[in-house]
Trainee: 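Mind looking over this structure? Questions follow.
Numbered from 1 within each chain, the chains take letters A, B, ... in sequence-line order.
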Protein chains: 2
Amino acid sequence: MSDRSAPTGGQALLYLTDEQIRKGIEAMYFAYRGFTADPDRILSDKEYGRAHHRALHFIHRREGTTVNNLLSLLGVTKQSLNRVLRALIDDGLVESRVGRADKRERHLYLTTAGATLERELSDAQRDRMRAAYRAAGPAAVAGFRQVLEAMMDEDLRRHYQALKDGGE
Amino acid sequence: MSDRSAPTGGQALLYLTDEQIRKGIEAMYFAYRGFTADPDRILSDKEYGRAHHRALHFIHRREGTTVNNLLSLLGVTKQSLNRVLRALIDDGLVESRVGRADKRERHLYLTTAGATLERELSDAQRDRMRAAYRAAGPAAVAGFRQVLEAMMDEDLRRHYQALKDGGE
DNA sequence: AGGATAAGTCAGCCTTGTTGACATTCCAAG
DNA sequence: CTTGGAATGTCAACAAGGCTGACTTATCCT
């Protein structure tokens, strides 16, 4: 409730009213549904769900990552991830290789089929995001990213930053 | 893939690269987890979940709304909503009144206890959002909202606009 | 009178989260 | 060098909250 940051005094803080913030909350809720809609639609035909999409996404982004690493990115229990991972491995979309240095670890890779599906899903999601970016313009996009980053939990922000910098 | 909008030519479109858009996708994912974290934490102690939170939120925002209306806002089936709603009604957080004009309809209201819980949840969520807004500043917030609106499905955007204008 | 609409219910299924128990492997202290 | 604890991954069972489909009840409206 304290307005310690008050950059330019009274009137400039109207964007911090409960009413404005409530709109942001509802925007976040409705937008997230759009965000997931396209990949979900594609997956509903196949035998997979959103959890499989997330796994494929991060394996693609972090080729060779371990199960444990994926776990901390996704923030689920390893039993939950395991079910999803096993389906992807059984179906030949993901390959699990025993670690060379540490044989307890499994390193995860997309197969050709896995990369194809990942591409299909991310294309769909990216198309919507690109359209939104284009409609809003570069300045809005910068603000969008700033607010989202400020909204993350500390540890997730670290994950996010690592992915951002380690980009291909 | 066509850059029909190209507002100021070549270089200005760098924000539409796959790489930039991918960062936006990941930001959206990680931020949404932060977005839901605080209410989820509060609810995990009680016997409710995120679905109950959503119902309480929209009943609060649309005091007296009908079941059908809530259904289209939430985008779930009535069986799914019914489970949640019945728990809230049985526990005395929500009151269901037979419609005066049309007796088939049930109008939903928060009881005092329901309003108290709704307030607790929305306070938690709003605190995080306010902190993010403050950290990012008013210009960023405007961009944030613009991109989110552009990301919504058409029918959800209409719902969103109606809530926005019909605000208290 | 009869079809359309609003709500509620039952039954059963799927995805994706959870906890608990367990096998394998590594590493460091005795 | 062995042994016990920590780390990694797997399996079994359960819960929340989505879904479809079929059906009932009450009410509205033509």
Trainee: Between C1' on dG8(C) and CG on L108(B), what's the gap in Å once rounded to a whole number?
Mentor: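 After rounding, the reported distance stands at 13 Å.
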
Trainee: Does Y15(A) have its ring centroid less than 6.0 Å away from the ring centroid of F144(B)?
Mentor: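 Not under 6.0 Å, so no.
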
Trainee: Could you tell me whether a side-chain N or O of D102(A) sits under 3.5 Å from a main-chain N or O of R104(A), the two making a donor and an acceptor?
Mentor: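 It does hold such a pair.
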
Trainee: For the helix from dA1(C)-dT30(D) to dG30(C)-dC1(D), what angle lies between the axis at the first five pairs and the axis at the last five pairs, to 10 degrees?
Mentor: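 One end's axis against the other's: 10°.
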
Trainee: Do you know the tightest heavy-atom contact between A135(B) and A150(A)?
Mentor: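 In this case the closest contact between A135(B) and A150(A) is CB-CB, 4.2 Å.
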
Trainee: Round to the nearest Å and state the distance from K103(A) atom NZ to dT10(D) atom C1'.
Mentor: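 Interatomic distance, NZ of K103(A) to C1' of dT10(D): 19 Å.
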
Trainee: Does L163(A) offer a backbone N or O that forms a donor-acceptor pair with the side chain of R61(A) under 3.5 Å?
Mentor: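 Present.
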
Trainee: Do the side-chain N or O atoms of T77(B) get closer than 4.0 angstrom to the phosphate oxygens (OP1, OP2) of dG18(D)?
Mentor: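 Negative; the distance criterion is not met.
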
Trainee: Separation of E47(B) atom CD from dA16(D) atom C1', in whole Å?
Mentor: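 My rounded result for the distance is 13 Å.
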
Trainee: Once you round it to whole Å, what is the distance between C1' of dT8(D) and CZ of R106(A)?
Mentor: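 Rounding to the nearest Å, CZ of R106(A) and C1' of dT8(D) are 8 Å apart.
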
Trainee: Measure all distances between protein nitrogen or oxygen atoms and nitrogen or oxygen atoms of nucleotides 22-25 of chain D, and list the pairs falling under 3.5 Å.
Mentor:
none

Trainee: Whole angstroms only, please: what is the NE2-C1' distance between H107(A) and dT8(D)?
Mentor: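 Going from NE2 in H107(A) over to C1' in dT8(D) covers 11 Å.
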
Trainee: Below 4.0 angstrom, N of the basic side chain to O of the carboxylate: do R158(B) and D155(B) qualify?
Mentor: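 Result for this pair is no, no salt bridge flagged.
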
Trainee: Can you sort out which residues in residues 30-45 of chain B have a heavy atom within less than 4.0 Å of DNA chain D? Ascending by number, please.
Mentor: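 None, since no heavy atom is under 4.0 Å.
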
Trainee: In whole angstrom, what separates L74(B)'s CG from dG18(D)'s P?
Mentor: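 For the pair L74(B) CG and dG18(D) P, the rounded distance is 9 Å.
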
Trainee: dT8(D) C1' sits how many Å from N69(A) CG, rounded?
Mentor: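 Rounding to the nearest Å, CG of N69(A) and C1' of dT8(D) are 13 Å apart.
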
Trainee: Please find the pair of heavy atoms, one from L108(B) and one from I59(B), that lie closest to each other, and give the distance.
Mentor: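 Residues L108(B) and I59(B), closest heavy atoms: O-CG2, 3.8 Å.
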
Trainee: Regarding G75(A), tell me which of base, sugar-phosphate or nothing describes its non-hydrogen contacts under 4.0 Å with the strands shown.
Mentor: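 Touches nothing.
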
Trainee: Tell me whether the OP1 or OP2 atom of dT16(C) has a side-chain N or O from H52(A) closer than 4.0 Å.
Mentor: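 Looking at the OP1 and OP2 atoms of dT16(C), one of them is under 4.0 Å from a side-chain N or O of H52(A).
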
Trainee: So which atom in V147(B) and which in A136(A) form the shortest heavy-atom distance, rounded to 0.1 Å?
Mentor: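 Closest pair (atom of V147(B), atom of A136(A), distance): CG2-CB, 3.6 Å.
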
Trainee: How close do R33(B) and G75(A) get, heavy atom to heavy atom, and via which atoms?
Mentor: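 Here R33(B) and G75(A) meet closest at NH2-CA, 3.3 Å.
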
Trainee: For the residue pair L56(A) and G114(A), what are the closest heavy atoms and their distance?
Mentor: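 Smallest heavy-atom distance, with atoms named: CD2-O, 4.5 Å.
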
Trainee: Assess, by modelled atom type and distance only, whether the side chains of H57(B) and E26(A) contain a donor and an acceptor separated by less than 3.5 Å.
Mentor: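 Distance-only check passes for H57(B) and E26(A).
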
Trainee: Tell me whether E63(A) contacts the main-chain N or O of L110(A) through its side chain, where contact means a donor paired with an acceptor under 3.5 Å.
Mentor: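 Yes, E63(A) side chain to L110(A) backbone: donor-acceptor pair under 3.5 Å.
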
Trainee: Measure from CG on L71(A) to P on dT19(C) and round the result to the nearest Å.
Mentor: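 About 12 Å, once rounded to whole Å.
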
Trainee: Near DNA chain C, which residues from residues 80-102 of chain A have a heavy atom under 4.0 Å away?
Mentor: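 When residues 80-102 of chain A is checked for heavy atoms under 4.0 Å from DNA chain C, the hits, listed by number, are S80(A), R83(A), D102(A).
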
Trainee: Does N68(B) make a side-chain N or O approach to OP1 or OP2 of dA7(C) shorter than 4.0 Å?
Mentor: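 Checking dA7(C) against N68(B), a side-chain N or O does come within under 4.0 Å of OP1 or OP2.
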
Trainee: Taking side chain to side chain contact (heavy atoms under 4.5 Å, CB included) as the definition, give me every residue that meets it alongside D38(A), ordered by chain and number, with sequence neighbours left out.
Mentor: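 R41(A), A124(A), R128(A).
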
Trainee: Enumerate the side-chain hydrogen bond (donor to acceptor under 3.5 Å, both in side chains) contacts for residues 105-121 of chain A, please, sequence neighbours excluded, ordered by first and then second residue.
Mentor: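 Those involving residues 105-121 of chain A do not exist here.
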
Trainee: Can D18(A) and R126(B) be counted as an ion pair, charged N to O under 4.0 angstrom?
Mentor: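 Yes, this pair counts.
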
Trainee: Taking the side chain of R104(A) as its heavy atoms from C-beta onward, which of dT27(D), dT16(C), dT24(C) lies nearest to it?
Mentor: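 The answer is dT24(C), which lies nearest to the side chain.
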
